[in-house]
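Shown next, in C-alpha cells, is the structure this report addresses.
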Amino acid sequence: MKHAIALLAVASYASADPLALRADAFASTAAPAGVLTLSGDGDLGSNLSAEAVVWTGRVASDQAPADVLVMALHARTSDGRAAGTIGRFVASLGALRPVQVDGGSARVGLPHRLVLEAYAGVPVLPDLATSRAWDWVVGGRASRRIGDWGSVGVAYMQQRTDGELATEEVGVDAGAALGTHDDVGGKVAYDVANPGLAEATLSASDRHGSLRNEVYATYVAASHILPATSLFTVLGDVPAVRAGTVLSWRAAPRLDVSADLAVRRSDGDAIDSVPVAAPAITAPAPDRGEAIAPAIVLHATLRLDDRGTSALGGELRRDGSGDAGWTGARATARIALPYRLSASTELELVVPDRDRGLGRVWPWALAALTRVWGPWHAAIAVEAQASPEDRSRLDVLAELGRAWSVK
Amino acid sequence: MKRLLVIGLCALAACAGVLGLTHDGPQPFPHRKHALAGVPCTRCHVGLGSDDGKTLHVPDAATCTACHAKPHDARPCLDCHAAPNALAELADARAHLVFDHASHASSTNNDCARCHVGVAEGDEHMRPPMATCFRCHDHDASRDARNCRACHRDLDDATTLPQTHLAHDGDWLREHGTRAASSGELCGSCHRDAFCADCHGKTVPVLPATARFDEPDATTIHRAGFVSRHALEARAEPGACATCHSTSRCASCHTELGIAGGDRASPHPPGWVGPAAADNAHGREARRDPSACASCHDGAGQMLCVGCHKVGGVGGNPHPPGWSSRVPTSSLPCRLCHPIGSRP
C-alpha cells in the first residue's frame with residue numbers, strides 16, 4: 001500500500017511538470033551515416049529530475065550501432081545544499097578536464113561557504129563491447145566562495161586503465177568579479193603521473209557598454225591530454241602556448257564585430273629540447289617554421305532584423321606558420337522565408353601556406369533549407385568541397401526532428 | 001581623405017536602416033507618452049488584479065479605439081505600435097517566469113512604476129531587470145544554492161538570454177572552460193548534462209556542427225570544412241585531438257576514405273622507413289612533430305620507437321657516444337631495455 005501511495009505521489013509530481021521528449025533523425029551521404037537520437041528530460045518534483053539521450057545508427061565503421069550519451073538521475077535537497085547524480089554523465093571538477101563516466105557524483109555545501117564535490121565511476125569508451133575490467137576514475141574538489149565576488153577551488157583526480165595508473169592530476173581554479181565591469185578567471189592543472197605542468201589558462205575581461213575586451217593566455221602540454229604511456233614520454237613534450245586578446249564591439253544595434261588577435265608558439269622552437277637519439281638521424285632538418293606564429297580571427301555579424309532570424313556573417317582567419325600555416329575566409333547567410341522556411345548557406349576558403357601536393361585552395365560550401373512548423377523541424381542541405389582527400393566531393397545531409405511535451 | 005570620409009558617411013547613412021540605427025518599421029509602444037498624459041496602466045492592461053501568471057494582458061484594438069477615435073487604417077494597432085519582438089518576448093517571459101501581478105498589487109500600492117522603472121527613460125525596456133526584484137525579495141539562499149527555479153521555469157528552453165549577466169560573447173568556445181572551472185554549478189542552472197556531453201562525451205554520434213548544419217551562426221567545434229583543415233589544426237595544438245577522439249578514429253576514418261588500408265596499407269609515403277638515412281623520413285618527421293605520430297601510434301609509444309631503436313634492433317643503438325641521462329633506468333621507456341635490477 002505504501003508503495004502504491006509513493007507511486008501515486010511520483011506520478012502526481014510527474015504530471016505537474018511536463019516531460020520534454022525529442023526525436024531527431026539525421027542522415028548524410030558523407031560516411032554514409034544515419035542516426036536516430038532520442039532524448040528526454042523532466043522533473044519529478046522539485047528535488048528529483050532525470051535526463052537521457054540515446055542514439056542508434058551508423059556513422060563510422062568502428063562505432064557501436066547504438067549507445068548512450070547521457071542517462072542520469074539528479075537529486076537535490078530542497079535548500080540546494082546537497083545534490084547527487086547517478087548514471088552516465090559528464091563529470092567536471094574545477095581545473096581538471098571533463099570526463100564522461102558511468103557512476104555517481106555528489107556535492108555538499110558546508111558551513112563557511114565551503115563546497116565539497118566528488119565523483120567516481122568507470123570512464124566511458126565509445127564502444128559498448130569494450131572490456132572494462134579494472135578501469136575506474138575518481139575525483140574530488142574542495143572550493144570556497146569569497147564574498148559575493150569570487151571563489152577558489154582545489155581538485156584531484158586519478159584514472160586507472162586495467163588497474164594501471166593512466167592519469168593523476170591536481171588542479172587549482174579561481175574566479176572573481178571585480179566590480180561591475182571586470183572579471184578574471186584562471187586554472188592550473190599539474191600532471192602527477194607524468195610530473196609537469198599540464199595545463200594553465202588565465203582570462204580577464206572588461207566590459208564597458210557595447211565594448212568588451214578579454215585578455216587570455218593558455219598553456220597545454222600534450223602529455224597531459226594524451227595517455228601517460230604515449231610517445232611523448234619518449235620524444236619529449238611539445239606544449240601549445242597561446243596568448244592574445246579578443247575585442248568584441250556592438251558597432252550598431254544589428255552589427256557585431258570582433259577581433260581575436262593572438263600569437264601561438266609553434267612546435268618549431270620546442271624541438272631542440274626533444275631528447276631523442278639524435279645521431280641516428282643524419283638527414284638535414286626540415287624547415288621548422290617560425291617560433292611564434294599568429295592566430296588571428298576577424299569576425300562580423302550583421303542581423304537583418306531585430307530578432308536575428310536573418311543574418312549575414314563574415315570571418316577572416318590567419319593561423320600558424322610553416323607547414324601548418326594557413327589563411328581562411330568564411331561567409332554565412334541565413335534568410336527567413338515565407339511559410340516558416342529559412343535558407344542558409346556557408347562558404348569557406350582555406351589557402352594553406354604550403355601546397356605539398358594537397359591542393360592550393362580548399363573550398364567548402366553548404367546550402368540548406370529549413371522548415372519549422374509546430375513541434376516539427378526539417379532540414380536538407382547540399383555540401384560541396386575540394387579537400388586534400390577529395391579533388392571534388394558532393395554530399396547531401398538531411399534532418400527531421402519532433403518534440404513532445406508530456407504532462 | 002575628405003572624399004573617403006564623405007563616402008563613408010554616405011555609406012553609413014545608406015545602411016543605417018540595415019544596421020538598426022533607424023527604425024522604419026514598427027516602433028516600440030509609446031508607454032512614456034501615455035504615462036505622462038496621466039493614463040493609468042490598468043486602463044489598457046486590464047485584468048492585472050486577477051493575474052494568473054499566464055495571461056499577457058495586452059490591450060486589444062477596442063481598448064485603443066475607446067480613446068483614439070480615429071484609427072487611420074483597419075490593421076490591429078499593435079502591428080505598428082509595438083516593437084517587432086515585443087509580443088514574442090512577452091510570451092517567452094510569461095512562459096519562463098514564476099510571477100503574477102496580482103500578488104504584487106498591495107506591496108507596491110498599485111504603483112506599476114515601482115518595478116517598471118524603465119517607463120521613465122523610454123519605451124524599449126519595460127520589463128524590469130532581475131536587480132529590481134532583488135530590491136524587495138531576498139533570494140540569497142536560492143542564489144547561493146544556484147536554485148533559479150524559485151522564479152524561473154524551464155530555463156533551458158528559454159530563448160531570451162539574460163542581458164545583465166552570463167552573456168556568452170567573445171570567443172566563448174575557448175573561454176567557457178576557464179569560466180566553468182570556478183563556477184560549474186552555475187552553468188548547470190541553465191544547461192543540462194546532455195549539453196556538455198554533446199561535445200565532451202566520448203559516445204557522441206554526430207557533433208553539433210554536423211547535426212546543426214542549418215545553423216551557420218552556431219558556435220561549435222569543427223565548423224565548416226574542418227576535415228580539410230584538421231591536419232593543420234592538429235599540428236598547431238599538439239595532442240588536442242586525443243582529448244575527445246580515440247586513436248583508432250584516425251585509422252578507421254582514413255581507411256573509409258581510402259587514404260589507408262586496402263591496397264594502400266600505410267598512410268605514409270614511400271621511403272618512410274628504410275635502411276639508408278635518406279630513406280628514413282619517419283625519424284625526421286617524428287622529431288619535428290611527435291604529436292602527428294602520437295595521434296595514431298598511441299598507447300604503445302615506447303615500443304613503437306624502442307622496438308627498432310635498441311641494441312640489436314634494426315634501428316641500432318639509440319644512444320649516441322657518451323650518452324648519459326639522469327632519468328632512472330627503472331622508469332619508462334628505459335625499463336624496456338634496462339629491466340629493474342639490470343646494469344645500466
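Below, chain A is the first sequence line, B the second, and so on; all start at residue 1.
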Given 3.5 Å as the limit, does a donor-acceptor pair link the side chain of [X] with the main chain of [Y], or not?
{"X": "A/Ser151", "Y": "B/Ser182", "answer": "yes"}
{"X": "B/Thr203", "Y": "A/Val68", "answer": "yes"}
{"X": "A/Glu51", "Y": "B/Asp193", "answer": "yes"}
{"X": "A/Trp364", "Y": "B/Val227", "answer": "no"}

> Looking at residues at least two apart in the chain, or sitting in another chain, which of them share a side-chain contact (heavy atoms from CB on, under 4.5 Å) with A/Thr370?
Replying inline: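 In terms of side-chain contact (heavy atoms from CB on, under 4.5 Å), with neighbours along the sequence ignored, A/Thr370 is linked to A/Ser342, A/Val372, A/His377, A/Ala379, B/Asp214.
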>> Which one wins on heavy-atom pair count under 4.5 Å against chain B: A/Val246, A/Asp173, A/Leu69?
In response: A/Leu69
> Under the side-chain contact (heavy atoms from CB on, under 4.5 Å) criterion, do A/Ser39 and B/Arg192 qualify, and how do the steps go?
Replying inline: CA-CA 12 Å; A/Ser39 58; B/Arg192 303 255 176 166; over 6 Å; no
>> Let me confirm one number: the CG-CZ distance from A/Asp260 to B/Arg174, rounded to the nearest 0.5 Å.
In response: 6.0 Å
>> Rounded at 0.5 Å granularity, tell me how far OG in A/Ser387 sits from NE2 in B/His230.
In response: 9.5 Å
> If you count heavy-atom pairs under 4.5 Å with chain A, which of B/Ala197, B/Ala180, B/Ala224, B/Gly177 comes out on top?
Replying inline: B/Ala224
> Between B/Thr178 and A/Thr201, is any side-chain donor less than 3.5 angstrom from a side-chain acceptor?
Replying inline: yes
>> Please evaluate residues A/Glu399 and B/Phe213 with respect to the criterion side-chain contact (heavy atoms from CB on, under 4.5 Å), reporting the C-alpha separation (whole Å), side-chain torsions for both, the decisive distance (0.1 Å), and the verdict.
In response: CA-CA 9 Å; A/Glu399 189 183 33; B/Phe213 58 81; 3.9 Å; yes
> Checking side-chain contact (heavy atoms from CB on, under 4.5 Å) for the pair B/Asp171/A/Tyr216: CA distance, chi angles, key distance, verdict?
Replying inline: CA-CA 11 Å; B/Asp171 186 359; A/Tyr216 66 92; 5.7 Å; no
>> Going by the rule salt bridge (Lys or Arg N to Asp or Glu O under 4.0 Å), which residues pair with A/Glu346 if we only count those two or more places apart in sequence or in a different chain?
In response: A/Arg330, B/Arg223
